[in-house]
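To start, the structure under review is shown below, and the notes come after it.
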Amino acid sequence: MSTRSDGLRSHVRDRGALRVGAVRLALCSGIAYAPFLVGLPSHHQLVSIAYFIPMVFGVLGAIGLREHVQWLRPRNRLLWLCRGAVTSLVDLVCLAGLLLTIDGRPERMGILAGALLAATVGMLVACVAQDFAWLGAAGVGFICLLSFDQAVTLSLPIAAATIAYGVTLVVYSIRGPSTG
Amino acid sequence: MRGLRGLFSRASLICLIVFASADLLVLFTRSTWIGFLGYTPEWANAGLYVASPLIAGASAFLTRVYLSPELVAITRGRGLGPSIRTIASAWVRMVVLALIGHAAVMLIALLVSAFFGASGAIPWAPFVYAVMPISMACAIGVALAAIFPHVWSSGLAILTTYGLWYVVVISDAAIPANIGGATISLAGLQYRLSTLLILLAAAAVVTATFLTVAVLAVRRQSFPRSLTAFAVACFCLVLVGTVAGGHTSGATFEPSQQVDFVCEGSAPRICLTVDHSARLSEVAAAVQRAAQPLRDAGVDMETLTLREGWGEGQAHPDGELLLGFGQLNGIGVTESDYAHALLQPASCADYFVEEPTPQLERLFTAAQLLAEWLDAKRAGTEPSLTDDRARELYDALRACSVDEELVDDVDPQ
């Protein structure tokens, strides 16, 4: 009975994680791509819409961490391998797509590096206080938002940010907290 | 109604610190406000546009805890009144928290200005304006927390607020999302009361709409319906706001009746508006030092008065001090800036015509040549003009009549 109950809970949790994971992926990639498609950076009025990408990307990533970890830690080892492979593949495809859209333009590199940095900080904060991970990511995203067009952000090394994000994501997926 | 009890929880304080830090960060992205009490609150409000998503996110994050399933179940069972009071209470808590954060930033800004030797009077209007985006952002956060009591509502609130604010700004809707951070000089301007009242009413409507959605969400507990109501509310508000924005003048400022100046020094005499006179002595001394090469070249500076520019197309008998209002506090202003500030010694009619005239072009060319001459003199390098030619050019600028041969046979460096 308890095994069946555990299985049911796990199934429900997996469905929830899958749903949240799909939403996160759709939102992140949609948000990441849309401004590039509509033209970047926007010249209109105050702050370019693209400059919010680090904040939004970081916050959504941080909020979805719990589900992300649950999704990647099923009890069945085969399922773990399959999910790990699918997730890695999707992340790599997204990252490759984003790197292609950068097209060597420094302001785009700064935005993507800022987004990866915000998401990385979100994961680091989640290790200490999972509920506040989004706030940590939002804080870094906010600093990036204000620093665009300035040398400090334009010189954010995209390769370093990508590596930091990738390593943190892998480590978090394996060792990070799964509950608050 | 639980009032403001437990307002300063650990989570609330963390959110407050993050928001206030973000607000403070925006404040110090410029130094043009330091020393001007009339402009300081206006610039302090600039951060609210970009910090509003954070306010909304924090509101959703904290309200989702406040609106516990037990509280929602109790209030729902007691009818509409308790539901309204619960939502209103949740919103008031968030507004109070955000206002504390912003008030702290405002206070820091005013203290920094005052410490710097401030001039001018503190206007009251920016304090009213500040309440508007804060109340709207908090209402968005509360509504999303009521619809979706999960930590995801914070992300959704950030997304919604930044998206909504962006649409409001690009569509010029009559919704006060962007209420501060004017970059023009406010000398000779005052806050327009009718605009303030219209925007206050608009903020009240937006806030009330989102709070109504929150009440409905608490009452119905139907996620799809509540989310639909929220989306429809956003759409309708932007639509109505855009239509209303097209029919009302969104001008925040209007010309004030009188502009008072204070003057100091001689050769040249420098006049600044009272509001920007915090560092008049230093500015006057720096401009006089920068004018030394012109005096050495024989330019008569004794009768010259340079006045701070104000308003649009305001012709006056004196010359114009070519420093932006933000440079009048002396922060980050170079000797070259002070020297170039001398290069409009008369308010010629040509500066105020709509179509550029040949005389205007020659006036600008003469100013450019003199700027290079002053820079060369300061740097100790060989100038492209002789001192006599520099004097002739400056006198021509002062007479608003630069002859063609005076500027044509000089090669600018």
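Since this is a predicted model, take the numbers as computed values, not measurements. Naming: A, B, ... by sequence-line order, numbering from 1 per chain.
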Q) Would you say B:Phe28 has more than 12 foreign heavy atoms packed within less than 6.0 Å of its CZ? A) yes

Q) So, for A:Ala138 and B:Ile158, which heavy atoms are closest and what is the spacing to 0.1 Å? A)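 Minimum heavy-atom separation between A:Ala138 and B:Ile158: CB-CD1, 4.4 Å.
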
Q | Closest non-hydrogen atom pair between B:Val151 and A:Asp131, with its separation | A | CG2-O, 4.3 Å

Q) Side chains of A:Phe142 and B:Val18: closer than 4.5 Å at any heavy-atom pair? A) no

Q: Against chain A, label B:Ala46 side chain, backbone, both or neither, depending on which of its atoms sit under 4.5 Å from a heavy atom there.
A: neither

Q: Could you have a look at B:Ala22, B:Gly155, B:Ala58 and say which one has the most heavy-atom pairs with chain A under 4.5 angstrom?
A: B:Ala22

Q: Check ring pair (Phe, Tyr, Trp, His ring centres under 6.0 Å) between B:Phe210 and all other residues, then give those that pass, not counting sequence neighbours.
A: B:Phe230

